[in-house]
Amino acid sequence: MSAIAIKYNDDIVDLQTAQELGLKGEEIELDNSKEALEVLRHSTAHLMAQAIKSLYPDAEFYVGPTVNEGFYYDFKTSAEIGQGDLKKIEKQMLSFAKKKYPIERYVISKDEAREKFKDDHLKQAVLDMIPDEDVSIYKQGEFEDLCRGPHLPNIGLIRYFKLTKISGAYLGGDSKNEMLTRIYGIAFATKDALKSYMDMMAEAEKRDHRKLGNEMKLFTFREEVGAGFPIWLPAGGRLRARLESLLFKAHRKRGYEPVRGPEMLRSDLWKTSGHYQNYGENMYFTHIDELEFGVKPMNCVGHIKVYEDELHSYRDLPIKYFEYGVVHRHELTGALHGLFRVREFTQDDAHIFCRADQIEEQIIEVVDFVDKIMSTFEFDYKMMISTRPDKAVGSDEVWEISTNALKSAMDKHQLAYEIDEGGGAFYGPKIDIKITDAIGREWQCGTIQLDFNLPERFKLEYNGEENDKIQPVMIHRAILGSFERFIGILTEHYAGEFPMFIAPTQVAIVPVAESHKEYAKELSDKLIDINADSEIYAKNDSLNKRIRTAEKTRVPMIVVVGDEEIANKTVAVRDRRTREQYNLSQEEFLKLIQTKINEVNF
RNA sequence: GCCGACAUAGCUCAGUUGGCUAGAGCAGCUGAUUUGUAAUCAGCAGGCCCGGGGUUCAAAUCCUCGUGUCGGCACCA
């Protein structure tokens with residue numbers, strides 16, 4: 001195999017450029033390494049542009065970069081292009097690739113480039129963004145494109161690719177600008193790599209919580225109910241209830257008090273908190289008589305009112321309130337996505353009111369709490385500290401102090417984190433927890449936010465040692481984020497095969513024949529006593545059929561009972577994963593279920 | 001919100017260029033069968049073809065306005 005580019009001072013330089021400038025460096029071959037794929041995919045984007053230009057001669061091109069998942073090219077044409085046209089474009093790409101055009105590079109001045117692409121207003125926009133005097137042009141066959149490179153030496157090297165998606169995208173990523181057409185694609189150096197990528201995509205599709213939620217009867221959405229308002233079905237209700245009760249215990253153990261604020265509060269309060277000004281466009285408002293009310297998009301104001309209900313001493317702090325708080329937010333229609341983005345959801349929300357000297361220990365305590373839960377569900381996670389956003393309340397000084405408090409708490413305990421500049425909430429900086437699921441996708445769930453602003457705005461206080469009035473610090477935190485989103489993630493993480501302790505149904509009982517139904521019922525009652533849900537498959541179907549039906553529900557355990565089991569007071573257990581069978585006495589069986597349900601404590 | 005696609009039975013989907021009574025599988029119901037570890041057989045029932053308006057002798061099919069869904073973009077406390 002020969003080189004396709006070289007590595008020069010950590011940059012990837014293509015052969016065309018290396019030759020022109022006489023550069024030498026470590027050779028990059030065409031394999032599935034990060035560097036090689038970068039070059040390959042960039043060239044594949046150009047090949048796609050070449051195909052598009054030949055099929056749609058009026059096409060104008062903006063930019064065509066590589067991204068994490070392949071590449072894309074943004075362009076504009078008067079023709080309407082749909083999903084169905086991707087095959088046609090792929091075919092054209094292959095026929096160009098077969099011609100094995102070399103990719104040539106030359107440099108011209110920006111003015112010459114402006115003249116060359118004078119009919120292409122998108123290329124003019126690209127030229128506007130380039131500060132350099134000279135620009136490089138890459139040419140393959142008749143097709144020429146303004147580009148920085150790097151590229152393959154020849155388009156004949158492009159063989160294993162696939163165009164995956166077509167969509168709209170704003171010019172420059174700004175919703176005020178015109179909308180272009182964007183086509184996404186993926187390319188690899190080998191056939192096997194492309195195949196395993198496609199397999200992984202198929203696996204993700206199989207796990208899609210919207211599909212599984214429908215199949216497993218966890219939740220549903222209905223047009224007549226409204227977009228973004230989930231309906232929880234019995235199986236989903238059972239799963240959610242298990243999660244809620246485990247988490248309730250975990251909060252009590254850590255000194256949190258359950259409280260509850262009203263669903264809507266007078267707008268004056270939202271003005272005091274700053275939500276009215278900073279978050280109003282995402283809130284729902286209504287009137288009661290002459291007064292305006294805002295439906296809560298967050299639970300903090302309610303918890304502040306709980307705090308204000310009595311005087312607090314420095315001895316009482318920290319005070320921790322928690323609530324499974326139902327919130328409503330006006331998400332844009334295009335943002336809605338299954339349970340991941342909805343307009344009504346329930347947060348596992350809590351607010352900690354503490355003294356300034358308690359911030360660090362409280363942050364660390366929450367981080368531990370997060371760790372306990374995420375490791376129970378076998379999620380890897382990382383933490384990110386988000387700093388002051390453009391739209392924010394409070395002085396720079398307060399922001400600085402609170403941001404540093406978060407960083408130093410993490411530093412002192414040697415916890416790793418990344419920084420997200422400008423990603424904070426409008427009232428304070430935060431630590432976000434990003435989890436990685438079973439097939440490597442990242443999700444943002446929990447958040448820990450430090451807030452000096454709301455206590456100031458609501459003039460919160462406690463009595464200090466000198467009987468002076470001191471302002472407490474507020475820590476907002478959610479660990480799952482929302483039950484909706486988290487259950488959606490869990491569904492995809494486990495591919496619907498929930499572990500015993502949260503599964504909607506713990507056991508499926510399959511009696512061999514009519515005469516064994518009574519024994520099945522007896523088992524089912526005993527299971528209820530140990531807080532396990534079961535379902536009896538006694539329909540007038542063959543035994544095989546009923547086992548198949550039970551398997552398809554993804555229940556963690558199936559037991560079959562017949563004459564033998566009744567005689568010996570046993571059950572025949574069928575393991576979900578191995579499909580193997582073994583016998584357990586009734587006591588052993590019940591003990592096993594009980595252990596599996598109770599072994600988990602957050 | 002923006003670009004594009006889509007919406008037919010509880011679910012998954014057929015339904016030709018506008019043309020007869022809109023079909024299938026699964027699920028459901030009834031009956032026969034009483035089963036030992038992934039689909040027993042037979043029968044029945046099930047539809048405002050997403051909603052409103054229009055074109056046409058005739059609309060599930062064409063046009064239009066909504067609603068919802070999907071893929072992205074933008075948004076995301």
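All values below come from the heavy atoms of this structure, side chains included, with hydrogens, waters and symmetry mates left out. Naming convention: chains lettered A, B, ... in sequence-line order (proteins, then strands); numbering from 1 in each chain.
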Q: Send over the distance from A:Arg329 CZ to B:rC75 C1', rounded to a whole Å.
A: 13 Å
Q) How close or far is atom C1' of B:rC3 from atom CZ of A:Arg182, stated in whole angstroms? A) 11 Å
Q. Residues in side-chain contact (heavy atoms from CB on, under 4.5 Å) with A:Glu522, at least two apart?
A. A:Tyr519, A:Lys526, A:Lys569, A:Gln586
(Q) Can you confirm if the NZ or CZ of A:Arg182 lies within 45° of the ring axis of A:Tyr72 and under 6.0 Å from the centre of its six-membered ring? (A) yes
(Q) For A:Lys305, give me all partners under side-chain hydrogen bond (donor to acceptor under 3.5 Å, both in side chains), at least two apart in sequence or on another chain. (A) A:Glu308
Determine whether [X] and [Y] make a side-chain contact, defined as any pair of heavy atoms from C-beta on separated by less than 4.5 Å.
| X | Y | value |
| --- | --- | --- |
| A:Val561 | A:Pro511 | yes |
| A:Trp270 | A:Phe293 | no |
| A:Val326 | A:Glu344 | yes |
| A:Phe221 | A:Val342 | yes |

Q.
How would you summarise protein contacts on nucleotides 32-45 of chain B per nucleotide, using B for base, S for sugar-phosphate only and - for none, with heavy-atom distances below 4.0 Å?
A. BBBBBBBBB-----
Q: Heavy atoms under 4.0 Å is the rule here; annotate nucleotides 65-70 of chain B 5' to 3' with B where the base is hit, S where only the sugar-phosphate is, and - elsewhere.
A: --BSSS
Q) What pairs with A:Tyr256 under ring-ring contact (aromatic ring centres under 6.0 Å, His included), at least two apart in sequence or on another chain? A) A:His251
Q) Going by the angle between their ring planes, with limits at 30° and 60°, are A:His303 and A:His351 parallel, tilted or perpendicular? A) perpendicular
(Q) What contact category does A:Tyr72 fall into here, base, sugar-phosphate, or nothing, at under 4.0 angstrom with non-hydrogen atoms? (A) nothing
Q) Where each residue is assigned the nucleotide of RNA chain B containing its nearest heavy atom, which of A:Tyr170 and A:Gly424 is assigned the position nearer the 5′ end? A) A:Tyr170
Q | Whichever of A:Cys300 and A:Ala169 has its nearest RNA chain B nucleotide further upstream toward 5' | A | A:Ala169
Q. How is the base pairing of RNA chain B summarised as a dot-bracket string, given the Watson-Crick and G-U wobble criteria with both distances under 3.5 Å, [ ] for crossing and | for another strand?
A. (((((((..((((.....[...)))).(((((.......))))).....(((((..]....))))))))))))....
Q: State whether A:Lys165 places a side-chain N or O below 4.0 Å from either non-bridging phosphate oxygen (OP1 or OP2) of B:rG72.
A: yes
**Q.** A:Thr387-A:Glu421 side chain donor-acceptor pair, cut-off 3.5 Å
**A.** yes
